[in-house]
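Fair warning: this is a prediction, and the values are worked out from it, not measured in the lab. In what follows, chains are A, B, ... by sequence order, proteins preceding strands, each numbered from 1.
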Amino acid sequence: MNKGDHLFLVDGSGFIFRAFHAIPALNRKSDGLPVNAVSGFCNMLWKLLRDARNTDVGVTPTHLAVIFDYSSTTFRKEIYPLYKANRSAPPEDLIPQFGLIRHATRAFNLPCIETEGFEADDIIATYARQAEAVGADVTIVSSDKDLMQLVSANVHMYDAMKDKQISIPDVIEKWGVPPEKMIDLQALTGDSTDNVPGIPGIGPKTAAQLLEEFGDLETLLERAGEIKQVKRRENIVANAELARVSRQLVELRTDVPLEMKLEDLVLEPQDGPKLIGFLKAMEFTTLTRRVAETCDCDAGAIEAAVVPVEWGDAAHGPDLDLRSVSADQPTMAQSAPGATTSNTASGKAPADLARQRAESLAGKPIDRSRYVTIRDIETLELWLAAARETGVVAFDTESTSLDPMQADLVGVSFAIQDNVLSPGSTDIRAAYVPLGHRSGVGDLLGGGHAEGQIPMAAALAAMKGLLEDPAVLKVVQNLKYDYLIMKRYGIVLQSFDDTMLMSYVLDAGKGNHGMDTLSQRWLGHTPIAFKDVTGSGKSSVTFDLVDIDRATTYAAEDADVTLRLWLVLKPRLAAEGLTRIYERLERPLVPVLAHMEERGITVDRQILSRLSGELAQKAAAAEDEVYALAGERFNIGSPKQLGDILFGRMGLPGGSKTKTGQWSTSAQVLEDLAAEGAPLPRKIVDWRQLTKLKSTYTDALPGYVHPQTKRVHTGYSLASTTTGRLSSSEPNLQNIPVRTAEGRKIRTAFISTPGHKLLSADYSQIELRVLAHVADIPQLRQAFADGIDIHAMTASEMFGVPVEGMPSEVRRRAKAINFGIIYGISAFGLANQLSIERSEAGDYIKKYFERFPGIKDYMEATKAFAREKGYVETIFGRRAHYPEIKSSNPSMRAFNERAAINAPIQGSAADIIRRAMIQIEPALAASGLAERCRMLLQVHDELIFEVEDEAVDAAMPVIVDVMENAAMPAVSMRVPLKVDARAANNWDEAH
DNA sequence: GTCCGACCGTA
DNA sequence: TTACGGTCGGACG
């Protein structure tokens, strides 16, 4: 080995555990053999060998070895018998994979190294130092902090899963000390996973600070008396010996006797057939295909190798149900969208195109070195022209904040398919346009405008035409964010697709739809993490202070990935018949919600501050009474301490337990105790209510008032629920109290601007109406048609009590049952809700199903549908997936069944109000009211508008009409929808 | 600083 | 018995 060579040392043992936990155990061979860690390992090795140049390492190895722990005791046990004594046996599913991974290594034609008595880390250390000595470069493929002590100018680490190189500055950033001091740092902090003791009470921050002050561990231990903090000094003096032992444990040996010399580690050529034989035996079809393509082998002609499996001690056999959700039949009705590239297989069915796209983009390398920074207007114009020519451009903004109402624009990135700039190419080109970067150094005011950026105004003017051009499709991930930012800079995006929403329409219920997740799922690629660019915690910086080259890599990659995702997802929409849902129900809502967020709502800070004061007084009084009744002071807010007082010291009978085994102190339990006559639980319930209102609402809301607009701008998430509902956050304006008088006062703080009213319009019983429609229940349909009290009707039908003069308790029970039905009722849940015996609840349900047999039929049909397809549908065709519905765990399965029953009902109602929201602005505009009546909030079945006083009478019927007819013409409901509307000066009175 | 569980506000 | 998000305490690093 010589200078210029590059040795890769793969930490096989570390990788096994990481891959095992990172990749779902679902990943099994058809005979049930778990191979998730093997799969992760093979993919990582392949990537490393094939395109290490395209990763953060940036070089290809000349030498490579995979190193494993030898499974027996090491010299460290002799130094400290408790070393790794806390380790439990590896998971059962992992045991057979240890051997398989060694087989995999040999199949890759790579040396597989282990030495008795030493850990993999020691072997790695020995090789690393030897290679360093002859002037070679070393990359240790691991993210284990125990190896960071080896990092030097020529020795780097590489986290294969995050595609991140770790060099000296990364170690310093992460641990606060340079690599050579890592040993001392670890000796001080210890390591709980390896049972290395360290010094109690010393963490990395303190350790780094001490090493900074004293230089090294020995000096620190000798001069420990100088430490000012009493506790810290005593700890260090008392545990000095322990620290010295710890140091011996964490310091890696560099003198391990090695059979293989450095020269023996030279990278041999790939043996294609041998590797393919192994991969076929493991049933890794994708990787088999890729390897076959690369080495020009005919995979079909190669037999799967026979790989012996050591199952370990545990008796273990195939036990996992491996059935997969059946694939949908492609619909041929729609043309293939996204057919803009020369490699598009025109004339094929959408499903073929979708499959072809998914295959060609999965694992296709992403070359970050091709990203460019656009620093002058001429280059920008060139790119804009290219985008105009291709007709599709991925677009992304970088800014200073996650809050689009506060964010300043820092730059934008574009990605286009390369067939314009390089005819015939199918690659993607991406570029970043820095606009608002500041140099972090220089003056004290945080640095001035960085050099080499197109002036913001000029760039915006140049881009405006393209971004607002309806003939050019802008592809954006999480469009609402970029839409809002650009709107604040005077550009109103037109003609767009949102990859996040596409994924949501296709795969709601199968995990989140963030770019990182989608990139992993569809491209097999991990994009650079935002944190890796800006740092995290208090050392983080805003994006405008990020170095422009670094920003380019990050931002251009985001656009690149977005375009690739679009290429995969767009044809899937057609193939799965979901284009209409996406185009009619999802995409048009983006500007609607963006406008609502932008408008915000006025919150009266004085009212909130007065309420806070009142709540503080009442809570303090309640607190005193609690202490008096309990006979001691404690933290009432701590369920643990509260449980100890109530059920331990006071000996009250405990009700239910939480899943961690603690006594539950829920409101339900406390109410039950109060009913028994104990005075304390009642007070605690009061105290909880008061402090909840104060901390969550009256104290928190003023902090969300926007400094310029003086209004509160919530953020709506379009893609975070399985059912199709929206969610609201920062602040959540969908859970403002309403049930208690005390809580309702908070609503009086939500006010209209002078000369305006708040108008609230809400659907009456929308979910029960949807149920009556989908299950087609005659009595329910009749009751809604006649405008009868639905809960009273249910009670009358079930218990034979006339509606006239019905006792409120009877109606209450019927109401609980009605809600229960919507939630996929169980006797357990209903019993809980009504505080009755489970048998009694079971009788109610039985009775209900007898009276309304159509409901039972509907529920069974929904479950059967969900089991067969893996998803359920709303009346408009939106899908909600329940991949776990066939779980062998009965409670998990039951939970999924209930959710699957609920989803079409909740989801159809959500679709109806979405449709209303999309139609409302055009309808108001048609009545000349667009400027006088503005939609501000949505709370699942309620819309809140701000309307000019004089326009209330005109706007109300328009709104009610749109809402009541929102299902039409897509679905003609068998029951009427009813909307109640009211206008007042604040939300409490309007509701 | 970051995570998770318990609890509780809404529809 | 469905769907969410926010706050707190407490454990971990």
Side-chain angles (χ1 to χ4, degrees), chain A residues 145 175 189-193 198 201-207 509 536-540 635-643 657-670 684-685 688-689 691-697 699-701 704 714-717 720-740 742-744 746-747 762-763 765-767 816-834 841 845 859 880 894-907 909-910 913 938-942 991:
Chain A
K145 70 165 185 317
W175 298 98
T189 61
D191 184 337
S192 61
T193 55
I202 305 251
K205 287 282 179 288
T206 313
S536 65
K538 70 173 165 50
S539 62
S540 69
N635 189 341
I636 313 175
S638 162
K640 188 162 134 44
Q641 294 181 31
L642 179 58
K657 294 228 177 145
T658 66
K659 64 176 166 185
T660 52
Q662 283 281 322
W663 284 112
S664 166
T665 65
S666 68
Q668 175 78 62
V669 168
L670 297 180
I684 291 163
V685 171
R688 282 222 183 122
Q689 205 217 122
T691 51
K692 170 94 177 176
L693 293 175
K694 184 170 185 290
S695 66
T696 308
Y697 302 103
D699 286 352
L701 280 171
Y704 288 101
T714 185
Y716 287 104
S717 169
S720 61
T721 71
T722 305
T723 55
R725 274 193 177 179
L726 305 178
S727 74
S728 153
S729 63
E730 295 179 86
N732 182 352
L733 294 186
Q734 290 180 324
N735 71 346
I736 302 301
V738 71
R739 289 178 195 188
T740 66
E742 194 71 48
R744 250 194 321 273
I746 291 164
R747 293 204 169 206
D762 68 298
Y763 284 105
Q765 309 283 9
I766 188 168
E767 294 192 353
I817 294 166
N818 274 334
F819 276 103
I821 293 296
I822 291 169
Y823 298 153
I825 201 153
S826 77
F828 180 85
L830 184 64
N832 243 5
Q833 178 69 28
L834 288 175
I845 295 169
M859 289 178 144
F895 174 77
N896 276 275
E897 287 174 354
R898 289 194 299 270
I901 288 168
N902 172 254
I905 304 170
Q906 189 186 110
I913 197 163
Q938 189 252 39
V939 191
H940 308 307
D941 67 357
E942 175 188 14
H991 184 72

**OP:** Calculate the interatomic distance between Tyr697(A) atom OH and dC8(C) atom P; express it in whole Å.
**Re:**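 For the pair Tyr697(A) OH and dC8(C) P, the rounded distance is 12 Å.
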
**OP:** Find the distance Ile202(A):CD1 to dG13(C):P and express it as a whole number of Å.
**Re:**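 Value for this atom pair: 16 Å.
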
Using only heavy-atom distances, determine whether the side chains of [X] and [Y] contain a donor-acceptor pair under 3.5 Å.
X: Glu942(A); Y: His991(A); result: yes
X: Thr714(A); Y: Ser728(A); result: yes
X: Thr665(A); Y: Arg688(A); result: yes

Have a look at [X] and say if it touches a base, only the backbone sugar-phosphate, or nothing, with a 4.0 Å heavy-atom cut-off.
X: Ala827(A); answer: nothing
X: Gln641(A); answer: sugar-phosphate
X: Arg688(A); answer: sugar-phosphate
X: Ile825(A); answer: base
X: Ala667(A); answer: sugar-phosphate
X: Phe819(A); answer: nothing
X: Phe895(A); answer: sugar-phosphate
X: Ser720(A); answer: sugar-phosphate
X: Thr691(A); answer: nothing
X: Lys205(A); answer: nothing

Less than 4.0 angstrom between a side-chain N/O of [X] and OP1 or OP2 of [N], yes or no?
X: Arg898(A); N: dT2(C); result: yes
X: Thr665(A); N: dC7(B); result: yes
X: Thr722(A); N: dC4(C); result: yes
X: Thr660(A); N: dA6(B); result: yes
X: Ser727(A); N: dG5(C); result: yes
X: Ser638(A); N: dG10(C); result: yes
X: Arg725(A); N: dA11(B); result: no
X: Asn902(A); N: dT1(C); result: no
X: Ser664(A); N: dC7(B); result: yes
X: Thr658(A); N: dA6(B); result: yes

Original post:
Does the side-chain ring of Tyr823(A) sit on the six-membered ring of the dT2(C) base, less than 5.5 Å centre to centre and under 30° in tilt?
Top reply: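 Given the distance and angle limits, yes, they stack.
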
Original post:
Between atom CG of Leu726(A) and atom OG of Ser720(A), what is the distance when rounded to the nearest 0.5 Å?
Top reply: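 Those atoms lie 8.5 Å apart.
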
**OP:** Examine the base of dG9(B) for any acceptor or donor lying under 3.5 Å from a partner atom in the side chain of Asn735(A), and report the outcome as yes or no.
**Re:**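 Yes, the side chain and the base share a sub-3.5 Å donor-acceptor pair.
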
